[in-house]
Structure formats: structure tokens, C-alpha cells
Number of protein chains: 2
Amino acid sequence: MLLRDNIYRSIRQAILTCEFPPGQELREQMLAQRYHVSRSPIRDSLLRLEQENLVTVLPRQGYRVNPISISDAEDIFGLRLLIEPACAVAAARADNEALRTLDRFRDFANEERTESEFVEYNRTFHRTIADLSGNARMAAVAVDLDEQFERLVRVSLRVFKYEQVRVASTEHEAIIDALQAHDADLASRLSYEHSANAQSRIVTALRLVAEAWVQPVEAPRTME
Amino acid sequence: MLLRDNIYRSIRQAILTCEFPPGQELREQMLAQRYHVSRSPIRDSLLRLEQENLVTVLPRQGYRVNPISISDAEDIFGLRLLIEPACAVAAARADNEALRTLDRFRDFANEERTESEFVEYNRTFHRTIADLSGNARMAAVAVDLDEQFERLVRVSLRVFKYEQVRVASTEHEAIIDALQAHDADLASRLSYEHSANAQSRIVTALRLVAEAWVQPVEAPRTME
DNA sequence: TGGGTTACACTTGCATGTAAGTGACGTGTA
DNA sequence: TACACGTCACTTACATGCAAGTGTAACCCA
């Protein structure tokens, strides 16, 4: 296993869980010490994360965890509303055997769940449907969007706690039913509504925490 | 300007124009000599290109320009059929002043055009519409897809020459008309048909050059 | 002959050194 | 005071060194 891949995943995870919060400044040296490696694999990882829109490189100054802007979040939402139903439509054409594997996502809310369990469950569910679409590129876009989304979910969960766990789980089961019945139209519609619901909750939450992590518009810094 | 950005663009361009053809093996050393720099910026560029699905890194062995597989091309096409009309729908909501800038894409086929001029024109047209959508993320996906697409177009142009220049240009003007009339439905449908037409030409061309650059399906796919 | 082993050439992964760009701050001057 | 201007600390960009992983081919031995 390549060192840089582990480092990459670690830093990425730290950003997505907001351990490195939006706006956080990152230094190669600091991360190198933290992970006990040289600057090289750190550098590789940070450049990769820049490609993913998770950090910004300020040449010869450092790196910064990308702030969450409302307009960027809305862009992500708009794309998701397009991609997720499309994945569902394609997935509805999968064969019965493959669709039966979705059963493992039923009955999730029957037990008490932690935040991490919910995030993990949610990610795996959406990723599985993306894979079932049979279009690797589409799945890649969907997964990427979901991961960007996840950071927003984390922020939102701090506001809405777990009330959404049961709601989401119920909506998931309806989507599973539609897919297993090969009803592409229904699956698409449910998928769209599921995304829209999640997003409206999140956008509300984002506005609530706007002062802390969400950047409305880039403002000049030295104005005193 | 950072050295690595120039190098990145150069290598990328070489891949997209098939100067580095699909399947070509790349070596850091070889590229470093070619561009008169050390391995560092070459390395940065290659890792970035890996993220874009243009090259594959074989750890401790080297790099390879990704072959074009029919199934991957079909995946790209499928996604394009989803994204391009969505961009058009969003772009139809742009204001009149912005939409008037599309006029510069009219009358392209009135003069003789080189292959490069056509590719450039085509890219700029699609990118402009993506930008007009007002969704930066969607535009980024659209641009990325278009660039992947471009490599396929290059292959296809060697077969169909320039017969498609006039066709494409006419279709573009129809899309411009629809957008400037704010007719989102029509723009969407025309955009879909335009993509579908281009793709069917390309897929035919791909099959013709299959032996040289195109990798047949390696693994059985889940669908179809 | 053929299976296993070893040595080697080759290429990148990671570590480290050096130079150059950037912003901050203090100083001098009008 | 307000504004250039020079200095300095800090951080990355790029260069280079070295070690480790991989594939190949020669070689040994049954």
C-alpha cells in the first residue's frame, strides 16, 4: 500500500468530518509531523484534495480547507437532483439478483444509531445504487457528489440531530421497493424527492451555522 | 505562473490530441527531459492526470495513457446525454444580454475550417453554455466530460473528416435560437439530439479504429 | 527439459535540500 | 499622518538523492 494513499484518506476523512473545519489553514510541515512522514506524500495528498474541491492551494503560502458557501452548496444540490434520479433509473434495469442485495439497507432505523453509523449507512446506500446503474462514470460523479454532500450533512446533523434518521430510512425503503419492482419512473421520482427533502433540511441548517463555517461571499480581510 | 501548471496542460493536450496515443507508456524521466524540468512538476502533473482518468499509475512501474474502451465511451456518452440538456435548460434562464454572446458561434461553417479550428469552436461553444447554466459544479462536470469526449472526437475525425462540421454548426445555431427564445424544453431536446448524433458518429468511428487504440470490453458488465 | 531461484536493470515512492514568492512589519521621508 | 520601501520570516515549488518494489532473464539443479 502506498503511503500517500493512506495519508490522502486520512486528511480527506479529517476534512469531511470537520475535524479540519472549513476555512482551516493547513501546512505541509504540520501535517508531515502529524502523520510522521516527509512532506512529499503530504504534498501529493493535498494536490489531490485540491482537485476534489476540498482544499485550495495558495501558491507559496499554504493550503486552506475550502469554506462552504451557500451558492456552492446549492450547485451541489442541483447536480444531485439530476444525478441521483438518473442513477435510480439506470439501476432499475439491473437484474433481480443484484437488486436483492439492496435488502441489507432495510430496517436500519429499528435500532438506535450513532451519527457515524447513519453517515456510513447513507453513503453505502447511495453508492450501491450508483454502482447498480452500470455506468462507471456516472457512479463516479454520484460518489463524488455524495462525498461533498457528506460534509454538509455533518454540519446539518449538528442542528437536526437524528430526527432525520427515521425519515431517510423510510424513504430509502420506498426507493428499494420501486427498484426491485423495476419501476424506473417511481424510483426516479422517489429519489428526487428524497434528495430534495434532505437538501431542504441541510440548507436550513447551513443558514443557522452560517457565521461559523459557511462563507456567504468572499470578503476583503484588511478593512479596519 | 507555476511550472507544473504549464507542464500539466502540455501533457494533457498531448494526450487529448493523441500525440501521446491511448496505451502509450510514459516515464517521468522521459517527460522531464522533454520539458527540461525535474521529475517533480512532471510527477505532480501525472498524478493530476490520473485523477482525470487520462492516465493510469502503475506503482513503481510507470504511467500509461488510458486506452479508450467502448464501454467507457458509452458511459461518457450516457452521462453527456444527461448533463448537456440539463446545462441547456439552466442556460435558457440566463438573461438576454448574456445569451446574446452566443451569436459569435453562428455562421461558423461559412468558411473552410481546419480540424483544430473545429475542435476549438466546438469546445468553446459547449463550455459557454455550461457557464451560462450558472451552476459552477455542473459546468465543471460538463467541461470535464467534454474534454474526455474531445479525445474521442479526434479519433472520430480521422474517419469522418469534416462532413460533420456543417452538421454540427447547423445544430448549434438551432440550440442558440432556442436558448435566446428562452425555450428551455426545445433547447433541451435539441441539445440531446445534438449529443446523440455526434455520439452515434463517434461510436461508429471507434469501432473502425478498434484494433489500434480502442480496448474491447475487458470485463463483462453488469448490464446489457 | 522445466521449475524455481537469484541477480539486475529500471522506475517510482519518499526524504531532503535549496531557491524563490508572499505578506507583515518596521523605518524613513514628505 | 500617510505612504513608499526595504527587510525578514515563512511557506511552498522545484531539484535531487536514495531506497524499495517490479518484471525479466539468466542460471542452477533435478
Side-chain angles (χ1 to χ4, degrees), chain A residues 1-15 19-67 215 217-224, chain B residues 1-15 19-67 215 218-219:
Chain A
M1 174 60 69
L2 262 44
L3 207 41
R4 65 163 176 242
D5 291 330
N6 286 324
I7 304 286
Y8 161 76
R9 270 192 282 273
S10 299
I11 299 179
R12 189 163 191 286
Q13 193 59 16
I15 293 173
E19 183 187 344
F20 295 156
Q24 168 93 258
E25 307 249 319
L26 302 177
R27 298 284 169 267
E28 291 182 355
Q29 199 63 251
M30 169 273 254
L31 292 169
Q33 284 167 5
R34 182 185 175 114
Y35 295 110
H36 306 101
V37 295
S38 80
R39 285 162 36 222
S40 297
I42 299 291
R43 187 184 167 64
D44 292 345
S45 302
L46 288 170
L47 291 178
R48 200 159 151 194
L49 289 165
E50 188 201 19
Q51 288 270 100
E52 286 185 55
N53 275 297
L54 284 176
V55 312
T56 296
V57 180
L58 304 119
R60 293 190 163 88
Q61 294 175 59
Y63 304 79
R64 187 177 54 215
V65 176
N66 278 354
Q215 228 183 23
V217 179
E218 193 70 35
R221 290 177 56 205
T222 55
M223 278 297 283
E224 278 92 308
Chain B
M1 173 59 69
L2 263 44
L3 206 41
R4 65 163 176 241
D5 292 330
N6 287 323
I7 305 283
Y8 160 76
R9 270 192 283 272
S10 300
I11 300 178
R12 188 164 193 286
Q13 192 60 17
I15 294 173
E19 183 188 343
F20 295 156
Q24 169 93 258
E25 306 250 317
L26 302 176
R27 298 284 168 268
E28 291 182 355
Q29 200 63 251
M30 169 274 254
L31 292 168
Q33 284 168 4
R34 181 186 175 113
Y35 295 110
H36 307 101
V37 295
S38 79
R39 284 169 41 220
S40 298
I42 298 290
R43 187 184 167 65
D44 291 346
S45 302
L46 288 171
L47 291 178
R48 198 158 152 194
L49 289 165
E50 187 200 20
Q51 286 270 101
E52 287 185 54
N53 275 295
L54 284 176
V55 311
T56 296
V57 180
L58 304 119
R60 292 189 164 89
Q61 294 174 58
Y63 303 80
R64 189 177 53 217
V65 177
N66 279 354
Q215 229 181 27
E218 324 77 19

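Below, read A as the first sequence line, B as the second, and so on, with proteins coming before strands; counting in each chain starts at 1.
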Lys/Arg N to Asp/Glu carboxylate O, A:Arg4 vs B:Glu50, below 4.0 Å: no
Salt bridge B:Arg12-B:Asp5, side-chain N to carboxylate O under 4.0 Å: no
Which residues satisfy the side chain to side chain donor-acceptor pair (under 3.5 Å) test with [X], sequence neighbours excluded?
| X | value |
| --- | --- |
| A:Asn53 | none |
| A:Thr56 | A:Asn66 |
| B:Glu25 | B:Arg27 |

5' to 3' on DNA chain D, which nucleotides open and close the contacts with chain B (atom under 4.0 Å from a heavy atom)? D:dA13 to D:dG23
Reading 5' to 3' through nucleotides 11-18 of chain C, protein heavy-atom contacts under 4.0 Å coded B for base, S for sugar-phosphate only, - for none: BBBSBBB-
Does any non-hydrogen side-chain atom of B:Leu31 lie less than 4.5 Å from one of B:Leu46? yes
Closest heavy-atom contact between B:Tyr8 and B:Ser45? N-OG, 3.2 Å
With sequence neighbours left out, what residues match B:Arg39 under salt bridge (charged side-chain N to carboxylate O under 4.0 Å, His left out)? B:Glu28
Rounded interatomic separation in angstrom, taking CD from A:Glu25 and C1' from C:dG23: 12 Å
